[in-house]
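Report on one structure; see the data block that follows.
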Amino acid sequence: MMWNRLCVGVVAAGAVMSGAALSAQQVKSPVPSIVEKDGRFALMVDGAPYLMLGAQVNNSSAWPAMMPKVWPTVERIGINTLEVPIYWEQFEPEQGKFDPSMLHTLLEQARAHHVHLVLLWFGLFKNASGHYTPPFIKLDEARVPHVINEKGKKVDSLDWWSEVGQRADRTAFVELMKDLKAADPQHTVLMVQVENEAGTWGSVRDYSTPAQKMFEGQVPQELVQAMRLQQGTWQEVFGKDADESFQVWGIAHYINQIAAAGKAVYPLPMYVNVVTRDPFHASPGSWASGSATDAMIPLWKAAAPAIDVLGPDLYTPGYAVYTKLLDIYHRADNPMFVPETGNAPEYARYLFAVVGHQGIGFSPFGMDATGYSNAPLGAVKIDEAATAPFALVYSLFGPMDRVVAKLNFEGKVQAVSEDPAEHVQVLTFGKWRAKVSYGLPQFGSWLTPKGNATPEGGAMVAELGPDEFLVTAVHARVDFEALAAGAQRQFVRVEEGTYVNGVWHFVRLWNGDQSDYGLNFTSVPQVLKVTLATY
Ligand code: DGJ
């Protein structure tokens, strides 16, 4: 595995600057990394856990003339990290002539806006196709052919078995990492996505003559050993999953080589974004074959050890599917990270569920004012109304991103998003149970929760001490019950405040109407420190 085990104490969150402001301290800071401790993960930035509150731009927005239409939107949302593509066709317009000018523009502008960056390498794969390859690849069909389906027809993916394509993609990526290392001593860039939604649509595997020959041969030793399999052909070893497994191996192995070569130059965390499939009713052909779907995660892990994270792209707004996919990708061998999610308002509340799955980051897609909407995957119009729910949840977590990330790494955080089918959710902490209810007024305790008119609620509770909790939520009531028989909870103190650079600043105490009916959160950003006792 490529993660570092954390052997030393984590730097106090308060000692670390948020954002990407330049300082001598940061220039000397360690390279961002993903660390693991007791089965939990943290993205370490400047030596401390970091919660990435991200946004991704539209596909064609990473051009100098477009960036002025990006910054106002993402500033309004209050991100701390921008995900932005680096296009192979732009970076290497002619073979061997590299143009890092856009990379430098992005670094400068991100620093000026005090945000970090995640770079997305749009290489041989972009949504399974080769559309971002430069002309010297795109037009060289003899040496970089298309994938062939079972009927012998070309599909819209370039063949990863092509040595010419592979060498060229790797060379360009390594060049990018060299430029980045030289241009970014302050670590504005935190992670790199290697390719984009790799796989093929329209064919479960490559049936070209060379691929067919490999498919009829033995499963490579490397994979047999990594997965502790019996030696044999793909059919013998993987049975009904042979075609897809062969495809996964080819693509994951390809991406691993690119990532490993890039890491040899500059070892930033690297991840792939995954075309997910419906975890309950996956019909064949409804996902890009070769992608790290639920069934293929172990094979991906074995074939691509240089990839630190398999991050699901989540564009299904339904609670059951969304949270099931979070369960699937939250594994002891995989940090939870959502590199893309829909930007329609209903998705904003899922930041809570991602945090509750010990997430290191979350990023709605298509957040800019270039005039493009990917509805029905996201909002019809990217205006103030569409971005407001994201701005709200980011305004809660933004000032305490480091605090939450540190508590989460220590296993102290639980968080949930509203399930329209269940209007009460329960979180248990030792002798306390926190109850999150949706659709109640702020006043009174005689009504039954009916859920919000649109599911927009979410809540986080983090344990600060045996009877002390950090609580925040939107459109929800949070209350506590003592688990001991006959014991009734009372609030000793409910303190509203805010974190500034990791230090808590007192605002007021909540009492009377403000706490007699539980702790009621609306669209006003509020954070509480709550001390409990029983009577
Ligand atoms: C997922 C891809 O990764 C994105 O680049 C984009 O194409 C969205 N789908 C759809 O807008």
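One-based numbering, in listed order, for ligands and for the atoms of each. Both backbone and side-chain heavy atoms feed into the values below; hydrogens, waters and symmetry mates do not.
- Near Leu377, meaning under 4.0 Å from any of its heavy atoms, are these atoms of ligand 1: 10 (C).
- The distance from ligand 1 to the heavy atoms of Asn196 drops below 4.0 Å at these ligand atoms: 2 (C), 3 (O), 5 (O).
- Within the 4.5 Å cutoff, no side-chain heavy atoms of Asp368 are placed close to those of Lys69.
- Around atom 10 (C) of ligand 1, the closest heavy atom drawn from Asn374, Asn127, Asn58 belongs to Asn374.
- Between Glu340 and Leu314 the shortest side-chain heavy-atom distance does not fall below 4.5 Å.
- Taking the six-membered ring where the residue is Trp, the centroids of Tyr329 and His357 are separated by 6.0 Å or more.
- Counting only non-hydrogen atoms, the option in Gln56, Gln193, Glu83, Glu340 that gets closest to atom 4 (C) of ligand 1 is Glu340.
- Side-chain contact between Phe173 and Met270 is present, with heavy atoms from C-beta onward closer than 4.5 Å.
- With ring centers used as reference points, Tyr254 lies 6.0 Å or more from Trp161.
- For ligand 1, the atoms lying closer than 4.0 Å to a non-hydrogen atom of Asn273 are 3 (O).
- Counting only heavy atoms of the protein, atom 6 (C) of ligand 1 lies nearest to Phe365 CZ, 3.6 Å.
- Between the side chains of Tyr438 and Gln425, at least one donor-acceptor pair of N or O atoms lies under 3.5 Å.
- Listed by atom number, the atoms of ligand 1 under 4.0 Å from Asp313 heavy atoms are 3 (O).
- Close approach to Lys126 involves these atoms of ligand 1, each under 4.0 Å from a residue heavy atom: 4 (C), 5 (O), 7 (O).
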